[in-house]
Amino acid sequence: MDETEFWELIDTTREAADGDPEEQADLLLDRLCALDPEQVLDFARHFEARYNRAYTWDLWGAAWVLLDGASDDAFDFFRCWLIGQGREVYEGALHDPDALADLVSDFDEEVDGDGEELGYAADEAYEQLTGTVAPDLGIAPAPAEPEGAPVDFEDEGALAERYPRLWARFRE
């Protein structure tokens, strides 16, 4: 599975789920179960690489503003959700986390921002297909700490300055 096929699976399941991350995860699981186990592992490698790449202080700060707080777990689930939003939103947010204010048109705080189930879809599909747990993916692990300069989540003034568009849209 190449990168284009990976993003196509993400996009088609998101569109079919009308943006609901849990429904998207269910649809993604169904689509992955229709593939062979090696293709599922390829998908998992693409997902994990993007998940690790999004482990940055800048994105965590943006998630903090967007979600009105983001614990370690919440930020993990946010990164899964971000991947589930598709290539344009994902890449745009990595390039400029504050751009999420413009990249995410409709945001329902009850369902958006948490894509935990998306993060499990490939593992579940592999296990359903083979009856065994997915092997090590052979990619570099995530860094121990987020990349970049730490963000002081308690300093609202600094957050508003660092993420002016997100702050204006989601916190004011």
Side-chain angles (χ1 to χ4, degrees), residues 1-56 58-71 73-130 134 137 139 142 163 165-171:
M1 173 176 299
D2 64 22
E3 187 174 10
T4 300
E5 292 168 313
F6 168 81
W7 286 117
E8 186 177 287
L9 273 172
I10 294 291
D11 290 340
T12 57
T13 55
R14 183 189 66 257
E15 290 163 8
D18 290 328
D20 181 312
E22 286 187 26
E23 177 67 20
Q24 182 181 6
D26 290 341
L27 293 169
L28 183 58
L29 177 60
D30 291 344
R31 293 281 305 273
L32 290 172
C33 283
L35 303 175
D36 68 59
E38 249 341 282
Q39 289 175 302
V40 173
L41 292 177
D42 286 345
F43 177 90
R45 287 182 192 97
H46 283 289
F47 193 97
E48 192 73 17
R50 280 150 190 81
Y51 177 81
N52 291 347
R53 187 172 159 218
Y55 193 49
T56 69
D58 282 342
L59 265 179
W60 199 340
W64 188 275
V65 173
L66 187 69
L67 303 173
D68 196 17
S71 66
D73 287 343
F75 183 51
D76 289 346
F77 305 153
F78 172 82
R79 290 183 288 149
C80 292
W81 173 83
L82 185 62
I83 295 166
Q85 297 309 294
R87 187 179 205 163
E88 181 180 336
V89 173
Y90 173 83
E91 293 290 344
L94 255 61
H95 177 72
D96 176 11
D98 193 39
L100 277 169
D102 304 319
L103 292 168
V104 178
S105 56
D106 295 322
F107 188 85
D108 180 349
E109 61 190 40
E110 297 297 318
V111 295
D112 288 322
D114 180 349
E116 178 180 9
E117 298 303 317
L118 287 169
Y120 302 133
D123 287 338
E124 288 180 28
Y126 188 86
E127 194 166 332
Q128 285 184 26
L129 289 169
T130 66
L137 298 173
I139 63 172
Y163 307 101
R165 291 175 286 170
L166 279 171
W167 192 267
R169 180 170 171 200
F170 294 100
R171 296 295 288 272

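Note that the structure is a prediction, hence the values are computed from the model and not measured.
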* **CD/E22: more than 12 non-hydrogen atoms of other groups inside 6.0 Å** => no
* To do: Ignoring hydrogens and angles, tell me if any N or O in the side chain of Y163 forms a donor-acceptor pair with the backbone of D58 under 3.5 Å.
  => yes
* Which atom of P97 lies closest to which atom of A62, heavy atoms considered -> CB-CB, 3.7 Å
* Student check: side-chain heavy atoms of L82 and L59 closer than 4.5 Å -> yes
* To do: Can you see which heavy atom on G92 is nearest to which on A99, and at what distance?
  => O-CB, 4.3 Å
* To do: Output the distance between atom CG (D96) and atom CZ (R165), rounded to the nearest 0.5 Å.
  => 4.5 Å
* To do: Using a strict cut-off of less than 4.0 Å between a Lys/Arg side-chain nitrogen and an Asp/Glu carboxylate oxygen, indicate whether R53 and E91 qualify as a salt bridge.
  => yes
* To do: Find the distance between CD (E38) and CZ (F43) and round it off to the nearest 0.5 Å.
  => 15.0 Å
* To do: Kindly indicate whether the side chain of L100, heavy atoms from C-beta on, has any atom under 4.5 Å from the side chain of V89.
  => yes
* Looking at A49 and I139, what are the two nearest heavy atoms and their distance? -> N-CD1, 3.8 Å
* Structure fact -> Rounding to 0.5 Å, atoms CZ (F170) and CG (D68) come to a distance of 11.5 Å
* Side-chain touch Q85/L103, heavy atoms, less than 4.5 angstrom -> no
* If every non-hydrogen atom of R14 is compared with every non-hydrogen atom of Q24, which pair is closest and at what distance? -> CB-NE2, 3.4 Å
* When the ring planes of Y90 and W7 are compared, do they come out parallel, tilted or perpendicular, using 30° and 60° as the limits? -> tilted
* To do: Please report the shortest heavy-atom distance between A122 and A44, naming the atom on each side.
  => CB-CB, 3.7 Å
* Look up atom CD1 in I83 and atom CD in E48, then write down how far apart they are to the nearest 0.5 Å. => 8.0 Å
* Any side-chain heavy atom of L66 sitting closer than 4.5 Å to one from D112? -> no
* To do: Determine the interplanar angle of the W60 and F75 rings, folded into 0 to 90°, and report it as parallel if under 30°, tilted if 30 to 60°, perpendicular if over 60°.
  => parallel
* Asked: If we only count heavy atoms from C-beta on, is the L9 to L32 side-chain gap below 4.5 Å?
  -> yes
* To do: For residues R45 and M1, determine if any side-chain heavy atom of one lies less than 4.5 Å from a side-chain heavy atom of the other.
  => no
* To do: Kindly compute the distance separating CG (L35) from CG (L129), expressed to the nearest 0.5 Å.
  => 8.0 Å
* Could you check E3 against R87 for side-chain contact (heavy atoms from CB on, under 4.5 Å), going step by step and ending with a plain yes or no? => CA-CA 10 Å; E3 187 174 10; R87 187 179 205 163; 3.0 Å; yes
* **Pair E8 + R31, salt bridge at N-O below 4.0 Å** => no
* Verify side-chain contact (heavy atoms from CB on, under 4.5 Å) between V65 and R171, making sure each step is shown before the conclusion. => CA-CA 7 Å; V65 173; R171 296 295 288 272; 3.6 Å; yes
* Structure fact -> Here the gap from D76 atom CG to Y51 atom OH, rounded to the nearest 0.5 Å, amounts to 3.0 Å
* Just by distance, do the side chain of E124 and the backbone of A121 share a donor-acceptor pair under 3.5 Å? -> no
* Under 3.5 Å: donor-acceptor pair, side chain of D114, backbone of W81 -> no
* To do: Might you confirm whether atom CD of E88 has over 12 heavy atoms from other residues, nucleotides or ligands at distances under 6.0 Å?
  => no
* Quick one: closest heavy-atom pair of A134 and D123, and the distance? => CB-OD1, 3.8 Å
